[in-house]
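One structure is given below, encoded as structure tokens.
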Amino acid sequence: MSHYIDSYDVAVIGAGHAGVEAALAAARLGAKTVMFTISLDNIANMPCNPSIGGTAKGHLVREIDALGGEMGKAADACFIQSRMLNRGKGPAVHSLRVQADRVKYHNHMKKVCEMQENLDVKQAEVTEILTENGTVTGIVTHLGGEYRVKTAIIATGTYLKGLIHVGDVSYESGPDSTLPARGLSDSLRGLGINLRRFKTGTPSRVHRRSIDFDKLEIQHGDGDIQPFSFETPREGLENIVLCYVAYTNEETHKVIRENIHRSPMYSGRIEGIGPRYCPSIEDKIVRFSERPRHQLFIEPMGLDTEEFYLQGMSSSLPEDVQIAFLRTIKGLERVEIMRNAYAIEYDCCDPQDLRHTLEFKNIRGLYGAGQFNGTSGYEEAAAQGLVAGINAARYCKGEEGITLSRSSSYIGTLIDDLVIKGCLDPYRMMTSRSEYRLLLRQDNADERLTPLGYEIGLISEERYKLFHVKQLQIKQEIARVKAKTLSPTAELNKLLTEKGTAEISTGVKMSDLIRRPQISYEDLKPFDAKRPELPYEVREQVGLQIEYEGYIERQLAEVEHVKKLENKRLPQPFDYNEIKGLSLEAQEKLNRVQPENIGQASRISGVSPADVSVLIIWLAARK
Amino acid sequence: MSTVAAISTPRAQGGISVIRISGEDALSAADRIFKPLSRNILPSEMEGYTCAYGKIVNGSEVLDDGVLTVFRAPKSYTGEDVVEISCHGGIFVTEQILRLILDGGIKAAGAGEFTKRAFLNGKMSLTQAEAVMDIISADGNAGLRCAESLREGALFRRIKKVSDGMLKLLGSLAAWVDYPDDDIPAVEEYEISAVLEAGIADLDKLLSSYESGRIVREGADTAIVGRPNVGKSTLMNLLAGCERSIVSDTAGTTRDVVEESVRLGDIVLRLSDTAGIHDTDDTVESIGVDRARKKLDAADLILAVFDAGSEITSEDRELAEKCRGRNAIAVLNKSDLEHRFDFSEISDCFKDNVTVSAEKGEGLERLVSAVEKLYGMTGFAPDMGVLSNERQRSCAERARLCFREALDALKAGATFDAVTILIDDGENSLLELTGEKASEAVVDEVFSRFCVGK
């Protein structure tokens, strides 16, 4: 029998990276919020890699921060090594990645949640969602506790009907030997939500003293560390640990190949679909059989532990095979496993059932976020949690939900991909998923999103003022630089020659010199007497915005072009079987997704350009 | 969708005109204006693919008699109910009948409307629709083969080759950027430039054949020019195979531009026999001379005729100068007189020269091969896939420009993220060309080229 406990505006189910952002955002926007977790000791846990950021994922963290989320600040407070990836490949793809202290990160986030006004944190398994007339009215816990709520955000990660596989051993479990969430799936199915099985894997953790570090390549952090949060000062940040690189070899691959039949993936025991872009080591060896070696990274789990993490070596092979193949690797010959690698299967929804606000199309007040929506990765989860939390709070206040466009952010791209294209395997963010890479740089996330964060109410007045000052400084300095002409002095020509670019014989606009790839804004400082003293973040923007102006304008033109299709609104709901010119597949997909406009329709897989042409003409003919 | 009607035959005097009505109310509209003669059966009672002879009436007034054919949805051109009325040609009567139909509440069809509906109802694809237009307007066999090859995908395959190369490059660039930890080999500058250069070279070839493709499809606007009485009209008649222009020995007989379409090998020449270009005080004649000059400026192909039997004149030199840099062939018309024309003096103004005797009908073969050579038709197989309209050309042109910009940026030392943006742009243009990427522009462009009634 259930018993009434309390009432809330927003209930967040799960306290991983999605749940935490959702709960904090909702509470900060004034919604009375409760966050449920199966174990308070696993709030914001990193059961897989203890790192935050990486290519495109680093962009997501910067965007979360620019909108007023928490992940960036927590990562800044808990990192033990920081690196900016892709430094040589251009500003669009620079990506920040830090190694975090896993326990510290958990403690930090737990405390932030505990201290948050309007937010209650409770240890309980939610087993049922209550609805009336297709609208959320409450939730019930495994102890029978009933909460009346206006909205519920499902952020169950890999807990939902979690099933761990190691070789031929399988057992019900959440990640890291936690309890799985057993009850909720049936309740969701009862609400008409389509569930499916995905799987992901994690590598083993090994003891520090069993690693021969002398035989490994060292990977240093950056000398000049950039924080994730636009609010964290650059000063005083430092790397505390080293990471290491090792390589598999032919012997490793031989051991894996000889035992591949014992992998539950290959014997068919796992039915869930794994991430294409984050494969297990056995997957890599089967799929890329021509590669003589694969890289792995050996990273400390934190400062108060001797556990090391082997990034790149996730596996579901039996325990004895794991030991055998690891010991073939140079530097790991005497390795001792503390926690073995495993694969975990879990229930997740089909994100095509969601709107861009992350609310379910068929149930008012019910939202999904994180791995439950079919993604992989902490950053992807946090980004969705933030959006779901914001929208749940707005729903409670009777305000319209916010949606982010593809051209505004990686967050917008992520959600649009999920909702419109859907995903067939766990979705990982990548820079190549954005067609507006040069606009969506990690360095300008504040310019793109902080005004919106302020409007929503997650950015403080003080931070917004500072943001304005920064933008003004950038604007003024760019105007000054564009107006300034440099004379062809001997010193300047010496610099130009040294940098490998042509000398000048007449006066040249300073901005024209900056546009030369060999010359930076900083290089010209000695020739620019009136240059004001400006903070690093401002100087960086001035340099980038001038150097890449042509490309930025090009991308902006493309944004406008695409907007035309986005402005062609399609009727909703609509039965696409009425348009005979559409292919059968397109009719089916369009009926399923019910896109809001032609732009969205054009991104649905299975809707061909010919189908889009049909829609354009059909829409025009209707008028 | 509303029911529409239009005259589907060219708006010109002819033996028969066809009015097409398409849509839900097509049959009831036909009932109102068509009275079958022999059988007592209304159009709306007729089966698909049947016709009836009868009278077209406005109340009691009979406008014409004709044959009415019924097509029932979906077995019709548009996929809707269609009625086609074949009446007697004659612009006035036909338009009167159309007006009668429109007065009954049927809408006038817009440009390309019937094909749009066919397309909407799944009767044809966008590229097919585009090819329909090309086939309708194609003159000559090679033109038809060009249009057909577009439908069957020869052009598609050529573009695909370029875009596949770019996609592969973009793929390795993306992998290299997105997996910095995965030991993926760095993409080297020389690899990028090699792919770009190959793509640009392929597009160069494709774009240079555009002219041949266009000439094959549309024919070459050809101006026959020269001093008065050097034998222009004789040449034209020789080409046309019949006498059209008035030929006389008095200079200035041809006062206007006479037009004629002739097939020369695989190429259709739209010939204009112009008035001789010379200074004149005769007002009427000067209008002709003026028009001849304009024609000369606009022509695709210039056949400059010179009298081989006389010395080169200042007018000849002036004309030769006008031909410089143009697609111009000098035609030295031989008379029985001895050869006194010194062609070497003006030879660098022309792409080629041939000696003919227009009067005797000699040298036509040489002229044909000179024209074919000029348009790169030797070795030009129209079914190898060519760009056949302005939309396709501008897509290919834009793609080439983007790839060139990418190459320049790469050589100037720009970062790969910026270079990638340019390659992306070019790739998008290619996908638009083949119809693999939809945009409103493509749709508008394709259907804007249709005339009303198609």
Side-chain angles (χ1 to χ4, degrees), chain A residues 54-56 85-86 88-95 97 245 247 277 291 293-295 297 311-312 428 430-433 435 437-438 441 500-501 516-518 547-548 550-551 554-555 558 561 564-565 568 579-583 598 602 608-618 620-622, chain B residues 1-2 73-74 79 110 112-113 116-129 170-171 173-184 186-187 402 405 409 412-422 424-425 428 431-432 434-444 446-447:
Chain A
T55 45
L85 306 177
N86 286 334
K89 302 175 190 173
V93 295
H94 287 178
S95 290
R97 178 178 188 271
V245 184
Y247 298 95
Y277 300 109
R291 293 265 290 270
R293 65 174 199 181
H294 295 274
Q295 224 168 5
F297 293 83
Q311 190 209 318
R428 175 188 154 161
M430 296 186 281
T431 60
S432 51
R433 296 205 195 258
E435 57 278 41
R437 286 182 297 281
L438 226 49
R441 305 185 309 274
T501 177
R516 294 188 182 180
Q518 296 80 3
E547 191 177 342
Y548 289 90
Y551 300 96
R554 218 182 167 101
Q555 295 235 289
E558 178 65 20
H561 183 70
K564 281 189 191 149
L565 291 182
K568 293 198 173 299
I579 308 178
K580 294 187 206 78
L582 293 169
S583 68
I598 299 261
S602 69
S608 71
D611 294 318
V612 176
S613 309
V614 171
L615 288 176
I616 292 172
I617 294 166
W618 174 78
R622 253 176 125 229
Chain B
M1 229 179 289
S2 54
E113 178 107 29
K116 261 190 205 177
R117 286 171 179 232
F119 173 70
L120 267 183
N121 289 320
K123 287 282 179 178
M124 61 174 71
S125 73
L126 192 63
T127 36
Q128 279 176 327
L170 287 169
L173 279 166
W176 176 61
V177 160
D178 277 322
Y179 297 94
D181 286 347
D182 272 348
D183 216 9
I184 287 171
V187 184
C402 290
E405 282 176 330
T415 47
F416 286 5
D417 56 348
V419 175
T420 310
I421 297 295
L422 298 170
D424 267 351
D425 250 11
N428 277 337
L431 294 180
E432 231 171 82
T434 55
E436 283 170 283
K437 182 186 170 209
S439 81
E440 209 185 352
V442 175
V443 174
D444 286 353
V446 168
F447 288 101

Check: So what's closer than 4.5 Å to chain B heavy atoms on E547(A): side chain, backbone, both or neither?
Finding: neither
Check: Which bit of L85(A) is near chain B, if near means a heavy-atom gap under 4.5 Å: side chain, backbone, both or neither?
Finding: side chain
Item checked: Which of T415(B), V419(B), L173(B) touches chain A most, by non-hydrogen pairs under 4.5 Å -> T415(B)
Check: Looking at R516(A), H294(A), R293(A), which has the largest count of heavy-atom pairs under 4.5 Å with chain B?
Finding: R293(A)
Next item on the list: Decide, yes or no, whether a salt bridge links R437(A) with D424(B) under the criterion of side-chain N to carboxylate O below 4.0 Å.
Entry: yes
Next item on the list: Mind running side chain to side chain contact (heavy atoms under 4.5 Å, CB included) on V612(A) and I598(A) for me, showing each step along the way?
Entry: CA-CA 7 Å; V612(A) 176; I598(A) 299 261; 3.9 Å; yes
Next item on the list: Using the side chain to side chain contact (heavy atoms under 4.5 Å, CB included) rule, take R433(A) and D178(B) through it: C-alpha gap first, then chi angles, then the decisive distance, then the call.
Entry: CA-CA 10 Å; R433(A) 296 205 195 258; D178(B) 277 322; over 6 Å; no
Margin query: Under a 3.5 Å threshold, yes or no: a donor from one side chain and an acceptor from the other, between S95(A) and N86(A)?
Written below: no
